[in-house]
Amino acid sequence: MAASARVKSDGKLAIEIRHVNKWFGPYHVLRDINLTVSRGERIVVCGPSGSGKSTLIRCINRLEEHQKGDIIVDGVPLTNNLKNIDDVRREVGMVFQHFNLFPHLTVLENCTLAPIWVKKVPKKQAEETAMKFLTRVKIPEQALKYPGQLSGGQQQRVAIARSLCMNPKIMLFDEPTSALDPEMIKEVLDVMTGLAEDGMTMLCVTHEMGFARQVADRVVFMDGGQIVEINSPKEFFSKPKSPRTRAFLEQILH
Amino acid sequence: MSLTPDFVRTEDAQILPAPKDEVGLWAMLRRRFFPSPLSSVVTILLGALLLLVVWTIGRWALIDAVWTGSNREVCSLPGAGACWPFVQARFMQWIYGFYPIGERWRVNIVYVLGALTLLPLLIPSAPFKVWNAVAFFLIYPVITFFLLTGGVFGLEVVETPQWGGLLVTLILSVTGIVFSLPAGILLALGRQSRLPVIRWLSIAFIETVRGVPLITVLFMASVMFPLFMPPGVNFDKLLKALVGVALFSAAYMAEEVRGGLQAVPKGQYEAAQSLGLSYWRMMAFIVMPQALRIVIPGIVNNFIGLFKDTSLVTVIGIFDLLNMVQAGFNDAVWASPQTGNTGYFSLALIYWVFCFSMSRYAIYVEGRLDSGKKR
């Protein structure tokens with residue numbers, strides 16, 4: 001685990017999380033979280049529901065506020081400073097469990113809105129970039145449709161493309177396949193695997209253990225608001241160190 | 001035991017036309033109006049009632065109606081129906097109020113310019129939407145103001161007490177409608193603001209205005225407001241009514257918009273934030289378009305209510321359409337048993353045409369917006 005001393009970012013770390021604590025009301029949801037993610041590293045976060053894994057990655061782009069500790073993303077510390085928050089959100093893409101596409105905009109508009117208004121990219125260029133990423137997630141032909149006309153798997157792929165259009169350095173995935181019908185999970189995982197192979201820094205909360213085995217550099221296991229174990233996927237699945245990890249794996253792998 | 005399945009289809013079942021009595025006009029009529037004995041009885045009873053109402057009104061308004069004449073005598077005969085000559089004699093005053101007859105062309109220009117700038121704005125396929133909006137929301141009000149009040153370019157000054165009728169009703173309601181939606185949106189956002197002062201002020205305004213009848217607001221604007229002003233400072237009565245009506249409807253609009261805001265899923269806010277959109281852009285591009293779409297029926301309901309509520313300015317002595325129509329009843333030349341009925345009937349028709357148009361247009365807009373979200 002990372003050294004607990006407060007250190008300045010050395011430029012190689014994508015995300016530094018140091019002694020982070022968070023409470024929902026009186027409830028202590030994140031307890032002394034320490035995690036550093038290097039550039040290009042792929043991390044899978046798993047754990048039982050309610051263990052704080054979603055809350056943790058939502059803290060990384062400030063959708064949730066942590067009360068104690070430091071989160072430094074790409075060298076920018078997350079504080080109440082709005083400019084810092086804006087800077088971080090520009091660099092960090094996020095994919096949600098329920099896609100959260102904008103239903104009143106076409107697929108193409110979903111992908112170009114933020115580049116045009118946040119990054120001030122000319123419309124024409126934003127559309128070209130959007131088509132490039134829609135092609136990459138294999139649905140360029142759906143560009144002029146509305147999200148409601150697409151299947152769940154297609155919507156999630158659009159959501160990934162939408163994030164990529166901002167050219168993020170880091171991608172966060174919050175249970176991206178949990179709301180999908182079984183036959184659509186693969187198409188989304190394939191896109192994510194492709195991203196990983198291209199060297200994207202990724203933090204994925206997921207229950208897809210196959211994906212974790214194949215793609216992750218490290219697996220983080222959380223339980224009860226704490227990180228219980230961080231391990232390589234091979235060790236994690238074959239020789240988990242913590243009894244809690246073992247109990248969890250027994251339950252999900254049958 | 002053999003493991004053969006229970007059933008395997010070898011031949012497709014035939015595709016057949018629907019039975020004869022399921023299609024066609026008669027089948028449709030029977031299914032909708034006479035599906036069962038009880039429904040048939042209800043259909044016949046309600047049909048008879050409808051005929052009776054239509055016949056009664058039709059006989060009064062058309063068959064027994066008086067169509068020509070120059071004074072009350074024609075309308076005072078026993079058995080006379082609607083007194084249309086009265087409407088004819090008064091109609092121009094309903095439209096223009098007491099605006100000097102020689103200056104009515106100015107009102108006409110206002111009406112025509114209004115129609116020319118508003119109608120293309122309402123037609124989605126019409127071009128130059130931005131310039132059109134600038135023309136209607138910015139240039140038109142200025143032109144209207146100077147044209148109607150006069151005093152510039154050699155135009156004779158016409159004081160607002162001389163304005164009246166449909167002119168005043170339209171000025172009040174169009175201003176109210178145009179002002180109340182943006183003001184309502186800001187108030188609704190203010191009510192959800194993280195800054196306590198803005199939130200409290202918004203809540204205080206909304207709840208105060210909603211807790212008070214419009215008549216009270218109008219009385220306060222015209223009677224109490226001057227008491228708080230330094231002596232000699234006095235605002236135009238029509239202006240005070242305008243402000244009163246606009247603020248009043250803004251409070252209602254705010255609550256309508258708030259309902260829409262609450263119906264937009266939290267995930268939409270989060271997606272917008274995660275893409276780095278600022279608060280105002282998130283609201284303008286993501287949240288408001290969805291929220292307003294949800295509450296179109298309520299918003300139009302408010303517009304229609306506002307349009308009709310402008311008739312309350314009668315109580316502070318402004319001659320809007322209602323007051324103007326009523327003023328004609330006191331005219332000795334036209335006093336007859338049917339004068340009032342005919343006046344109110346016409347008034348109702350005029351209001352109905354405006355309100356029904358708004359309602360239909362709203363339905364059209366809803367249908368258009370919905371087409372984008374085919375499931």
Item to check | Positions in residues 121-145 of chain A that reach chain B, provided some heavy atom is under 4.5 Å away | outcome: none
Item to check | Interatomic spacing from CE in A:M94 to CG in B:L275 - rounded to 0.5 Å | outcome: 11.0 Å
Next on the checklist: Can you confirm whether more than 12 heavy atoms, excluding those of A:F24, are under 6.0 Å from its CZ atom?
Outcome noted: yes
Checklist entry - How about residues 108-117 of chain A versus chain B: which residues have heavy atoms under 4.5 Å apart? => result A:L113, A:A114, A:W117
Next on the checklist: Counting neighbours of CH2 on B:W200 that are heavy atoms of other residues, nucleotides or ligands and sit closer than 6.0 Å, is the number greater than 12?
Outcome noted: no
Next on the checklist: Please classify the contact of A:L150 with chain B as side chain, backbone, both or neither, using a heavy-atom distance under 4.5 Å.
Outcome noted: neither
Checklist outcome for this item: When every non-hydrogen atom of B:G276 is compared with those of A:V118, the smallest separation belongs to O-CG2, 3.6 Å
Next on the checklist: How about NZ on A:K119, more than 12 heavy atoms from neighbouring residues, nucleotides or ligands closer than 6.0 Å, or not?
Outcome noted: yes
Checklist entry - In this structure, are over 12 heavy atoms from other groups packed under 6.0 Å from A:K120 atom NZ? => result yes
Item to check | Contact class of A:R62 relative to chain B, heavy atoms under 4.5 angstrom | outcome: neither
Checklist entry - Does atom CD1 of B:I15 have more than 12 heavy-atom neighbours from other groups under 6.0 Å away? => result no
Item to check | Closest approach of A:N61 to B:S274 (non-hydrogen atoms, all atoms of both residues) | outcome: ND2-CB, 3.5 Å
Item to check | Qualifying residues under salt bridge (Lys or Arg N to Asp or Glu O under 4.0 Å), relative to A:R157, sequence neighbours excluded | outcome: A:E187
Item to check | Close approach to chain A in residues 261-270 of chain B, criterion heavy atom under 4.5 Å | outcome: B:K266, B:G267, B:Q268, B:E270
Checklist entry - B:P289 versus A:F102: any side-chain heavy-atom pair under 4.5 Å? => result no
